[in-house]
Every structure is written in structure tokens, then in C-alpha cells.
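This report refers to the structure that appears directly beneath it.
Convention: sequence-line order gives letters A, B, ...; per-chain numbering from 1. As the structure is a prediction and not an experimental result, all values here were calculated from the model.
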2 protein chains.
Amino acid sequence: MTEQYKNHDHILVALDCIIFGFDRSGLKLLLIKRDFEPEKGNWSLMGGFLNRDESLDDAANRILHKLTGLKNVYLEQLYGFGEVDRDPVERTISIAYYALINIRSHDKELMDKYDARWFPIDDLPDLIFDHGEMVKAAKSRLKYRASHEPVGFELLPEKFTMPELQILYEGIYETELDKRNFRRRILSMDILTKTNEKQKKYSKKGAFLYKFNEDKYEEKVDQGDSLTFKPIKL
Amino acid sequence: MTEQYKNHDHILVALDCIIFGFDRSGLKLLLIKRDFEPEKGNWSLMGGFLNRDESLDDAANRILHKLTGLKNVYLEQLYGFGEVDRDPVERTISIAYYALINIRSHDKELMDKYDARWFPIDDLPDLIFDHGEMVKAAKSRLKYRASHEPVGFELLPEKFTMPELQILYEGIYETELDKRNFRRRILSMDILTKTNEKQKKYSKKGAFLYKFNEDKYEEKVDQGDSLTFKPIKL
DNA sequence: CCAAAAGTGTTCACTTTACACCCATGA
DNA sequence: TCATGGGTGTAAAGTGAACACTTTTGG
């Protein structure tokens, strides 16, 4: 009977979001300064609790929106963290999600409200609880995902240059890439559209801007082409 | 303050185990017949609820042990399933785990107690709730894991033949493999020990038995060798 | 002696890697 | 005019895929 459901513990379910961003200086993580005890004043992932009437995905989206003002963002469930003492206040499990956002697109006011800051991925402060572990898992998942699907473009503006794309992949894979091999490989996938515009912000010669062509990509997937975005050794 | 923790919903956290086994006829899944309403009499994954004083991993191990009598088994967290209406009785999220066990090693009495049965992976009955989705995710994760780490051996007895190993990988990848290419590839990894024994159960000539050499494997991992167990197309 | 499964090498195509110089332009 | 970042091709090595016959032995 439904007896089977009685007498079982009901537990707080948290969600924590690892939010990735990117600019030319590299991959970044959006962290907030926790404003309540315990660990008040320390850096933390953006989190919240699951409500009875929402799905895990909905809750993660709600929490991400609360900090960034963004909706319809790339968001993927990562892992359930469930050590008994992971939260000193109360038994809580946390389902971690990671998000990829365009670092220019989010709400600046909310940044202030939550005391949020972008940190370079390789220079993070100590994080509360098991959030450091979550970040580690997210980096590893992002490496995997980026080598199988074109998720990198989620981190870029609509138009971007080849050097920018390369810096992004170098950040994700934590390795340097040969630019000729990188360009050849990316272009041979035939999922980018080259525009006639040049970006002259970062060089005198200027670099051509490209757009990700989602339709072309979907077409290829439908045809069963397996595109890989594997790292290329320096 | 810890006010932040009050007034949040406390929710039932379930765990469900996708249990893989293998014999020469292919990959198998261990399912139980549900003996309470709703969905009484229908096939289901082995599951249970998280207790306040145990970690997610501990709970999954406990549940796996309850059905199989086994401990120290390969068990990996898969995904958190959290649709609002996934369980019609009460709001429940479920963290799915998958296990790889030696199909000969588990407790037969418990099989009867739980009305459990092994099903061929490609001929499963309808499953309750979202368990079908869980199985799909587990198959996909197993493919991935098996192409990066030597998890296949978890499903085999200590000694096994090359043809058996090949049938196993064919089951995991859901594809047929060329036996010359398969053997070459596996043997070139240099992580198997050939015994002098032959298994004559399945052929007149007999097939040599091999053992997985865990020490050698660890050595290679430490040396940074990246071994891949990728599928080989027919 | 034969049926049935185990075992064995080579070739070709393709992919990956390594590597160095010219171009365009603003200061 | 020169410093800076953008852009380009080729050859060599390595990897993946295709493919067919011989061996062993119990019945």
C-alpha cells in the first residue's frame, strides 16, 4: 500500500548552480558572497531549495534566473551531492547544475544585490561546504560536453572571432592549441557562417566575425554525422 | 541566519538501482515485481528511500545489498529524476544509480523474496513511473564509461575468454565488432593476463581464459596513458 | 571426417600532428 | 616603419577499418 511511503525521512533538497562565463581573458565562474550564517561572508555558488511543486530543472532555472535575470539558458544537471554532513545546519542534499551564459548578457543590478563576482576559473577563492567539489565536477563535465556537442557557443556572443573561439576551447580543455589545426578542424565541421565584418578591437589587422549556424548543425546531427570537438594538442 | 533554512519543503528522496549483469547471451537487467499499490505487480527497478543519517552513496549501496546480498560492487550515481508528478503517491525525487555485478554472484533467495528476474537488455517489460527513462540513461552512461575505463570486467567472472569479452562489449555498444580488431586492441592495452587454462564449455577447440590485471592498469593510469575502449565498427 | 568456434596479419584510407612564414594595419 | 595579432599549407606518422583463411577437437 501507500504505507510504503510513510515513515520515511523527508529531506531538504537544495540546488546549486555553477555558472560559467567567458571573456578574452578566459573562462570565469560567477560566485556570490553568502550573507547569512554559517559561513557568512564566504564565497559560494548560487543556490536555493526545491519547492514541492516544481521539478528539479524548473528549480535550477528559477535559481539561475534569480541571480542573472536570464531565462532559456544552457543548463545541465551535474550530480547529486549527498554526504550526511555536507551542510552543517541541517541534513540537505544538493543537486548541482551548471550553466553556460554570455558574460555580457546578465543583469548588473542583481550582481550587486547578491554581492556576486566573476572569478577566473583557475583562480577561485575557497568555497563553502562541498562547492569546490561541485566546481571540479562541472569543469570535468564541461570538457566532456564540449568535446561532443557545440556548447561552447553558449558562452560567446552571437558573433565571435576564431581567436576568441580558440581561447575559449583552450580554457575549457586547459591546454594550448595549435591555431592552424584548430581553425582547420572547426571550419571543416561546416557549422559556422563567416560574416563580412571584422572585429578590430584587439588587433590592427582585425579578425573576421563568425556565427554559429545552428540549422546546419542540426542538419548534420540528423544525418548522423558525429562531430567531435576534441582537444588538439599543442 | 539559519532562518534561511526554515520554511522550505522537505521532500522524499528515493534511490533506484539499475542493475546490470551479463552472460553469454548478452547484457541483462535485474528487475523486481512491485508488491504494493500503485502499479502493484508491474516491473520496477529496485528502490528505496534515503534516510536522514546516510549519504546518497550509502543508501544506494544499502538498497543494492538488500536485493543482491552484495557489497563492494561497482555502483555509480547516474542522474536525479525530479519531475513533479513522477510518483503519483507523493512528491518524490529519485536519484538513480547503476550497478555492474557478476550475474552468478548474487543471492538466489533474495531473488525469490523480491520476485526478481533478469531480463535481456533489449527485451525489457514496461517499467513503472520513469524507470524506463532511467534505464535509457544508464545504458548511455555505461557506453560512455566502458569506452573510457575498464568497467566491463565488473560484469565478468574473474576468468573469461576473449569471445566472452567481445560479446560483452558488443552488448554494451549495441554493435557488432570485428574479432581480429577487437582482440588486437584489447591485447595491445596490455592489461590482461593470459592463463594457461582453456574453457571448453562452448567450443571443441576451447578458448583461453584471461584475467584482468588491475595492478597493470593502475600503473598505466598513473603514467598518464589514456586507454580507450572505444567501439570498433563491424 | 566434419562442424563449430578459436585464433591469426596485412593493406589502405584517413586523421592527427608538427611546424614557419606572410599579411594588414594603427600607432 | 614596425610591432601586433590574424591568417594560411604541407608532409610525416599514427590510427582505424576492412577483410579470409587455418587450427583444434568432440561428436
Charged N to carboxylate O below 4.0 Å: is that the case for A/Asp107 and A/Lys113?
no

Between A/Asp57 and A/Tyr97, is the side chain to side chain donor-acceptor pair (under 3.5 Å) condition met? List the steps.
CA-CA 9 Å; A/Asp57 286 355; A/Tyr97 278 74; 2.6 Å; yes

Closest to side chain of A/Asn181, choosing from D/dG9, D/dA17, C/dA5:
D/dG9

Check the phosphate of C/dT16 against A/Arg185, side-chain N and O only, distance under 4.0 Å to OP1 or OP2. Yes or no?
yes

Mind calculating the distance between CD (A/Gln166) and P (D/dT8) to the nearest angstrom?
13 Å

Could you work out which one of D/dG7, C/dT25, D/dG6 sits closest to the side chain of A/Met162?
D/dG7

Of the listed D/dG27, C/dA27, D/dG6, the closest approach to the A/Lys204 side chain comes from C/dA27

Any side-chain N or O of B/Arg184 less than 4.0 Å from the OP1 or OP2 oxygen of C/dG9?
no

Report the nucleotide, chosen from C/dA5, D/dG26, D/dG7, that has the shortest atom-to-atom distance to any side-chain atom of B/Lys205.
C/dA5

At less than 3.5 Å, do the side-chain atoms of B/Arg180 and the base atoms of D/dA20 form a donor-acceptor pair?
yes

Does B/Lys179 reach a base, just sugar-phosphate, or nothing at all? Heavy atoms under 4.0 Å.
base

Check the angle between the aromatic planes of A/Trp43 and A/Phe119 and answer parallel, tilted or perpendicular using the 30° and 60° thresholds.
perpendicular

